[in-house]
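Numbering of ligands and ligand atoms starts at 1, following listing order. Computation of the quantities below employed the complete heavy-atom set of this structure, encompassing side-chain atoms and omitting hydrogens, waters and symmetry-equivalent molecules.
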Amino acid sequence: MTEAWGPDDDEPRPHSGPVRVRVPAKINLHLGVGPLRPDGYHELNTVYHAISLFDEITARHGDTLTLTMEGEGTGELALDETNLIIRAARALAAQARVPAYARLHLRKSIPLAGGLAGGSADAAATLIACDLLWGLGMSRDDLAEVGAQLGSDVPFLLHGGTALGTGHGETVSPILARPTIWHWVVAVADGGLSTPAVYRELDALRDGSWPPPALGSADQLMAALRQRDPAVLAAALGNDLQAAALALRPQLADVLKAGAEAGSLAGLVSGSGPTCVFLAADAAHAQRIADGLTEAGVCRAAVTARGPQPGARVI
Ligand code: ATP
C-alpha cells in the first residue's frame, strides 16, 4: 500500500500556539541524604511522587522572550533571567540552536519555596511547551538532559508518576508498580524555607557524628508501594531532611502533631519543607484530615491531593 504522504510530513513543525502545559508538584515518599560530596551536592536516594497540585505554563510566539505570572507567591518571584522559566527557555533554545523567542505565562498554584519543587516544575513545563511551540521534536529524555542542568528535580517532573531518584536526584528510574491511587493532605505553610539552608542545617546537625551518615536505602519504601496498603506505606515513609527543617522551623512540629490528631496514617515534611504532607486511607479520610488541620489553625491552607500524576503534559 502506498502512503499519501512523504517522510517529511513526520518532521516536527512549529506549533501555531498557544501551547498550554500542566505540571504537577512532587513530594518525596523517601528522602535518603548521604554525606556532602566534593562537588557540593549530597548523594540522594529518593522516591519521588507527583501529586495533583499543578502549575500551568502557556507559550505563544513572540519577537523576544517575555514572561508574565499570576497566582500563588508570584509577587515574590523575580521576572528576570534568574527565573527558572526564562532559564529553561534559554537553555532549550541554546541546545537546539534556535532563537529564544516566546511569550510565556505562568499560572502558579504550587507554593513557592515549599519543598514541592515548584521552580523545577515550571522549568519542566517550559521545556515541554517551547519544544512544541518551536517544533523541535526533542524526546523527553533529551529534554531531561537539558533540565538536569537547571535543577535536580526537573527530570522527574518531565516523567512524573512515582520514581526512584539517585545521584543528586537527577537520575530517574520509574517504579513499575500496578497503579494505585494514594490520597494525601498538603499543609501549606506561611513563608518558604531555602533548600540550601536546610541542607546546611543537616550538615551542621550531623557534624562530628559517628559513624558518618550512611545513605539509607529506599527498598522498604518500594516494597511498601507494591503492597498497595496505605497503612504499610505509612510505616515506610521517611525524610532525612525533616530534622533539619524542624530545627529551622520548630512550628512544623505543631503541624505534624495536628495531622496525627486529625487521624492521618502518617505525616512528614515534604522535601526541604516547610510544606507537610499526610497520608490518608481514602478521599473522604483526606478531607477529614484537611478539615482537622484547618480547624487547628496550624497552617496557611490544607488541601487534599492524589498521586501519582503524569509529568508535564500539553493540555
Ligand atoms: P525544591 O524542593 O526543588 O528545592 P522548593 O519547592 O523548596 O524547591 P521552589 O518553589 O522550587 O522551592 O523555589 C525555590 C527557589 O527557586 C525560589 O525561592 C526562587 O527564588 C527560585 N525560583 C526561580 N524561578 C522560580 C519559579 N519559576 N518558581 C519558583 N521558584 C523559582
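- In this structure, T275 contributes its side chain and G115 its backbone to no donor-acceptor pair below 3.5 Å.
- A heavy-atom distance below 4.5 Å is found between the side chains of L127 and V154.
- Between L279 and W184 there is a side-chain heavy-atom pair separated by less than 4.5 Å.
- The shortest heavy-atom distance from G151 to ligand 1 is not under 4.0 Å.
- Distances from atom 29 (C) of ligand 1 to the protein include at least one heavy-atom value under 4.0 Å.
- When each atom of ligand 1 is checked for a heavy atom of D122 under 4.0 Å away, the hits are 26 (C), 27 (N), 28 (N).
- Checked by distance only, ligand 1 and I85 stay at 3.5 Å or farther apart across all their nitrogen or oxygen atoms.
- Here is the list of ligand 1 atoms found below 4.0 Å of a heavy atom in K108: 28 (N), 29 (C).
- Remark: ligand 1 atoms within the under-4.0 Å shell around heavy atoms of G119 are 9 (P), 10 (O), 11 (O), 26 (C), 28 (N), 29 (C), 30 (N).
- The shortest non-hydrogen separation linking P24 to L157 is O-CD2, 3.2 Å.
- None of R22, R20, R313 except one satisfies the salt bridge (charged side-chain N to carboxylate O under 4.0 Å, His left out) rule with E56; the exception is R20.
- Ligand 1 has an N or O atom lying under 3.5 Å from an N or O atom of L116, backbone or side chain.
- Heavy-atom neighbours of D63 CG from other residues, nucleotides or ligands within 6.0 Å: at or below the threshold of 12.
- The option with the heavy atom closest to atom 6 (O) of ligand 1, from among A121, A117, G73, is A117.
- A donor-acceptor contact shorter than 3.5 Å is absent between the side chain of H159 and the backbone of R140.
- In L77, the part holding a heavy atom less than 4.0 Å from any atom of ligand 1 is the side chain.
- Proximity of atom 20 (O) of ligand 1 to the protein is not indicated, since no non-hydrogen protein atom lies closer than 4.0 angstrom.
- Of the N or O atoms in T195, one or more lie within a sub-3.5 Å distance of an N or O in ligand 1.
- Contact annotation: the side chain of L241 never approaches that of V269 to less than 4.5 Å [non-hydrogen atoms, C-beta and beyond].
- Using a 4.0 Å cutoff on heavy atoms, A113 counts as a contact of ligand 1.
- Electrostatic pairing of E72 and K108 does not count as a salt bridge here, judged by no charged N lying under 4.0 Å from a carboxylate O.
- Between G118 and I110, the shortest heavy-atom contact is CA-CG2, 3.7 Å.
- Taking atom 3 (O) of ligand 1 as the reference point, the nearest protein heavy-atom neighbour is D153 OD2, 3.0 Å.
- Of the protein's heavy atoms, at least one falls inside 4.0 Å of atom 23 (C) of ligand 1.
- Looking only at atom types and distance, the side chain of H105 has no donor-acceptor partner in the side chain of T58 under 3.5 Å away.
- Inclusion of L193 in the set of residues having an N or O under 3.5 Å from an N or O of ligand 1 is not warranted.
- For G115, the heavy-atom gap to ligand 1 drops under 4.0 angstrom.
- Atoms of ligand 1 lying under 4.0 Å from any heavy atom of L112, numbered from 1 in the order shown and given with element: 10 (O), 29 (C), 30 (N).
- Nearest protein neighbour of atom 16 (O) of ligand 1, counting heavy atoms only, is L84 CD1, 4.4 Å.
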